[in-house]
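Worksheet: the structure to be examined is printed underneath.
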Amino acid sequence: MIRDHIKHAVENAIAAAQACGDLPAFAAPAVTLAKPRPEMGDYAASVAMQLARVAKMAPPAIAQRIAKQLPPNAAYTAEVAAGYLNFRLTAAYLAGQVNEILQAGDQWGNTNLGNGQNAQVEHGSANPTGYATIGTARNVTVGDTLANTLEAAGYVVHREWYVNDAGSQVKKFGTSIYARYCQHLGKDEPMPGGGYMGDDVAQTAQLIADKVGDQYLQQPREQAILALGRLGIDSIMDSIRATLLRMNIRYDNFFSEKSLYTSGQSERALALLRAKNLLVEHDGALWFSEDGSPIRKGQGKKKTDAEYANQADADPDADNGAEGEADEAQTAIQAVVVRSAKVISDPDERATYFCSDIPYVWNKVHDRGFNPAVYVWGEDHQADVPRVHAAARALGLNDDAVKILIYRFITLMSGGQEVRMGKRKGNAIWIDDVLDETGPDALRYIMLSRSIDTKIVFDLDLLKEQNDKNPVFYVQYAHARICSIERKVEEQGQSQAPRSKNQESRTKNQDLRFEHVAELNLIRKLLELPEIVEMVATSLQPHHYITYAREIAQAFSAFYENCRILDAAPDVAAARLQLAKASRLTLAKVLRLMGITAPEKM
RNA sequence: GCCCCCGUAGCUCAAUGGAUAGAGCGUCGGCCUCCGAAGCCGCAGGUCGCAGUUCGAGUCUGCGCGGGGGCACCA
């Protein structure tokens with residue numbers, strides 16, 4: 001990447017300036033390059049300003065002395081401007097890069113950031129108690145895009161869905177399935193309190209009844225509930241898989257939570273914590289205490305606002321028994337229950353989420369060696385983030401390998417009101433229904449179009465209208481337009497005298513020339529692709545692609561408006577055609593990273 | 001009470017601590033005898049407040065104000 005090349009050149013120049021006494025000795029900071037305004041150049045180093053204090057010199061003077069040590073380079077020119085060190089890529093370099101892009105083909109934009117390291121993106125992982133909802137759509141789109149990105153950035157990527165299929169969960173869901181199953185077969189059976197009221201569960205029960213008949217009516221109730229619960233989960237997972245396939249999303253593995261217990265991984269991980277005295281018994285339950293300290297009364301228990309107010313009034317210092325504890329509290333997590341008293345007395349009961357999180361993080365980071373192990377979680381799990389990190393540290397794992405992303409929920413607007421979804425309440429919106437309306441491309445684009453820290457408002461009444469002007473079409477249109485031009489050129493070439501193979505390859509290898517500013521700006525924009533891939537791979541913020549994709553389309557439009565291809569002089573036309581192809585490749589790549597199709601016609 | 005996220009143009013959102021804060025939608029005005037007008041060009045319009053750190057703050061820190069989420073032996 002030319003950016004890294006320039007960066008190293010600057011670092012070397014600083015060292016050289018120090019060596020020859022132009023700059024005093026100091027520990028040089030890491031050089032970073034920014035994208036300045038176009039008039040200023042293509043890259044800008046502000047290192048001279050950062051060094052002003054340690055070097056005890058004015059920034060422009062420092063910049064001058066660094067610039068003096070830069071070896072001449074055909075790819076760029078350097079210039080000092082008010083303390084900045086600006087770099088401008090030369091026209092010859094830019095022109096040469098068009099062929100580089102074309103030669104890289106599908107690989108264009110890939111980098112070696114990951115160096116073959118194993119990475120995992122665990123995403124989706126919604127409870128298998130209903131069809132995939134629009135909330136899951138954000139999760140999987142972000143996760144899948146990040147997985148694509150890490151792959152492009154040189155990681156070996158594993159895509160996983162974590163199936164919450166352990167303990168009482170199955171039972172509760174199974175009871176709902178059982179009731180619907182009975183009802184469908186004409187037997188009276190009330191839905192359980194707090195059961196899953198949605199159509200999806202009823203449909204799933206029908207599906208099962210149609211497949212297996214009424215055999216479970218004869219079985220003892222408890223037994224039937226367990227069996228139907230498992231069949232229900234299988235059926236729901238099939239449906240989720242089918243839905244995600246429509247969104248162009250596939251997984252390498254569906255990881256069963258239950259397997260953590262049947263395989264003994266849970267016991268093994270807990271034994272590690274026990275050996276370090278980090279598991280504490282209190283009130284009949286088993287707690288994880290990061291520093292091994294005893295559990296204090298009231299810890300881990302949610303209090304009402306009234307209780308907080310009361311406590312503050314009655315005894316303002318109650319929680320500050322020891323001085324210095326306040327500092328500790330900022331870094332240490334609250335103690336967390338690993339196994340409830342209920343679970344300990346009844347092994348059939350479901351463990352807490354956190355109980356599974358411990359062996360799961362061990363399995364990911366230690367057993368399978370993922371680095372990073374990316375988790376994509378909804379904001380309802382934010383409190384679990386420090387816990388999993390604490391568990392990882394307690395297990396002696398590399399905490400930095402654990403990357404947990406929290407995205408904000410999607411809220412629905414319906415009739416001018418915001419609605420909070422809930423599967424159990426049966427007011428969820430299924431991905432399949434939205435897909436029928438928008439198609440996968442527009443849906444994925446919407447899901448990626450905002451930073452994960454920003455909520456997405458989905459207006460069901462405006463969905464159709466919003467869809468027609470979805471910006472995804474702007475990007476796809478640019479791609480289709482290039483394809484159209486290429487088809488035209490093809491036709492033209494066929495109607496004229498056919499070119500010999502020699503001529504063809506000479507066109508390909510000769511130096512392309514570009515003079516128009518729109519051409520050069522377009523090439524500049526295309527060359528950002530590997531930088532963007534690395535930015536997404538390191539920030540784990542896929543919405544950067546949205547901005548970039550639009551910028552490419554914009555730069556191409558400017559080129560398209562100003563630089564005609566079909567009726568230009570032969571050598572100009574040939575060069576522009578190559579640039580158009582490079583643009584098409586870049587657009588297609590960005591779209592592919594986002595999991596969006598690049599249509600040849602619209 | 002404590003923790004996390006957000007507050008940028010009329011609306012929805014961008015902006016690795018860098019120079020003059022950008023798009024889309026909406027408004028208004030232009031552009032098809034010319035490779036696809038799902039396009040292009042132009043006008044108008046903005047960093048919640050107060051301190052601080054920094055050569056430089058929309059971005060970092062503190063305190064306010066406003067909105068969302070969390071602090072379960074639920075999932």
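Each chain gets a letter, A, B and so on, in the order its sequence line appears, and its residues count up from 1.
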Given the [atom1] atoms of [N] and [M], what is the spacing between them in whole Å?
N	M	atom1	answer
B/rG29	B/rU61	C1'	47 Å
B/rG17	B/rU47	C1'	16 Å
B/rA23	B/rC40	C1'	16 Å
B/rA51	B/rA14	P	28 Å
B/rU59	B/rG18	P	11 Å
B/rG68	B/rA15	C1'	23 Å
B/rG39	B/rC5	P	37 Å
B/rG36	B/rU27	P	29 Å

(request) Counting Watson-Crick and G-U wobble pairs whose two distances are both under 3.5 Å, find the runs of 3 or more in a row that involve RNA chain B. (result) B:1-7 with B:65-71, B:10-13 with B:22-25, B:28-31 with B:39-42, B:48-52 with B:60-64
(request) Could you walk me through whether A/I532 and A/M535 pass the side chain to side chain contact (heavy atoms under 4.5 Å, CB included) test, one step at a time? (result) CA-CA 5 Å; A/I532 302 290; A/M535 175 163 63; 3.8 Å; yes
Whole Å only: how far is the [atom1] atom of [X] from the [atom2] atom of [N]?
X	N	atom1	atom2	value
A/E600	B/rG36	CD	P	15 Å
A/E281	B/rC73	CD	C1'	14 Å
A/E39	B/rU20	CD	C1'	8 Å
A/F409	B/rC4	CZ	C1'	13 Å
A/Y445	B/rG24	OH	P	11 Å
A/Q382	B/rC4	CD	C1'	4 Å
A/E486	B/rG36	CD	P	12 Å
A/R387	B/rC3	CZ	C1'	11 Å

[X] near the nucleic acid: base, sugar-phosphate alone, or nothing, with a heavy-atom cut-off under 4.0 Å?
X	value
A/C355	nothing
A/A480	base
A/N470	nothing
A/P59	nothing

For nucleotides 38-43 of chain B, give me every protein contact, N/O to N/O, under 3.5 Å, one pair per line with atom names.
from	atom 1	to	atom 2	distance (Å)
B/rG39	O2'	A/R481	NH1	3.3
B/rG39	O2'	A/R481	NH2	3.1
B/rC40	OP1	A/Y474	OH	2.6
B/rC40	O4'	A/E561	OE2	3.4

(message) Quick check against the 3.5 Å criterion: does A/Q541 have a side-chain atom that pairs as donor or acceptor with the backbone of A/S451?
(response) no
Distance from [X] atom [atom1] to [Y] atom [atom2], nearest 0.5 Å?
X	Y	atom1	atom2	value
A/R138	A/I456	CZ	CD1	3.5 Å
A/D357	A/R387	CG	CZ	9.5 Å
A/L593	A/Y548	CG	OH	10.5 Å

Are the side chains of [X] and [Y] in touch, meaning some heavy atoms are under 4.5 Å apart?
X	Y	value
A/R550	A/V590	no
A/F173	A/N127	no
A/S266	A/I358	no
A/K488	A/I485	no
A/D380	A/F409	yes
A/V475	A/L587	yes

(request) Go through the N and O atoms of the side chain of A/E379 and the base of B/rG70, and report whether any donor-acceptor pair is under 3.5 Å. (result)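 Answer no: no donor N or O sits under 3.5 Å from an acceptor.
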(request) Compute the ring centroids of A/Y477 and A/Y474, then answer whether they are less than 6.0 Å apart. (result) no
(request) Taking the six-membered ring for Trp and the single ring otherwise, decide whether the centroids of A/Y375 and A/H381 are under 6.0 Å apart. (result) no
(message) Less than 3.5 Å apart, any donor N or O on the side chain of A/E534 or A/T538 sitting next to an acceptor on the other?
(response)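 Their side chains do not contain a donor-acceptor pair, so the 3.5 Å distance test is not met.
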(message) Go through it in stages, so that I can follow the logic: the residues are A/Y162 and A/L260, the test is side chain to side chain contact (heavy atoms under 4.5 Å, CB included), and I'd like the CA-CA distance, side-chain angles, deciding distance and then a yes or no.
(response) CA-CA 11 Å; A/Y162 179 64; A/L260 291 169; 4.0 Å; yes
(request) Please say whether the positively charged group of A/R481, taken as NZ for Lys or CZ for Arg, lies over the ring of A/Y560, i.e. under 6.0 angstrom from the six-membered ring centre and within 45 degrees of the axis. (result)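 Yes, A/R481 lies over the aromatic ring of A/Y560.
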(request) Cation-pi check, A/K35 to A/Y43: give yes when NZ or CZ is under 6.0 Å from the six-membered ring centre and within 45° of the ring axis, no otherwise. (result)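 Relative to the ring axis of A/Y43, which defines the angle, A/K35 lies inside both limits.
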Identify each atom pair where a protein N or O and an N or O of nucleotides 32-34 of chain B are less than 3.5 Å apart, giving names and distance.
from	atom 1	to	atom 2	distance (Å)
B/rC34	O2'	A/R564	NH1	2.9
B/rC34	O2'	A/R564	NH2	2.6

(request) With the side chain of A/R550 defined as its heavy atoms from C-beta on, choose the nearest nucleotide among B/rC71, B/rA23, B/rC35. (result)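 Looking only at heavy atoms from C-beta outward on A/R550, the closest nucleotide is B/rA23.
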(request) Between B/rC4, B/rG36, B/rC71, spot the one nearest the side chain of A/K488, thanks. (result)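 Comparing B/rC4, B/rG36, B/rC71 against the side chain of A/K488, the answer is B/rG36.
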(request) Summarise protein proximity over nucleotides 55-62 of chain B in one line of letters, 5' to 3': B for base, S for sugar-phosphate only, - for none, counting protein heavy atoms closer than 4.0 Å. (result) B-------
(message) One character per nucleotide, please: for nucleotides 5-17 of chain B, 5' to 3', B when the base has a protein heavy atom closer than 4.0 Å, S when only the sugar-phosphate does, - otherwise.
(response) BS-----SSSSB-
(message) Here's a test of your reading of the structure: between A/V337 and A/M40, which maps to the more 5' nucleotide of RNA chain B?
(response) A/M40
(message) Pick the closest RNA chain B nucleotide for A/R487 and for A/R339 by heavy atoms, then say which residue is nearer the 5' end.
(response) A/R487
(request) Not counting sequence neighbours, which residues clear salt bridge (charged side-chain N to carboxylate O under 4.0 Å, His left out) with A/K525? List them please. (result) A/E528, A/E551
(message) For A/C483 and A/K601: C-alpha separation, side-chain torsions, deciding distance, then whether side chain to side chain contact (heavy atoms under 4.5 Å, CB included) applies.
(response) CA-CA 7 Å; A/C483 294; A/K601 285 181 183 174; over 6 Å; no
(request) Indicate syn or anti for B/rC71, taking the glycosidic torsion and treating anything within 90° of 0 as syn. (result) anti
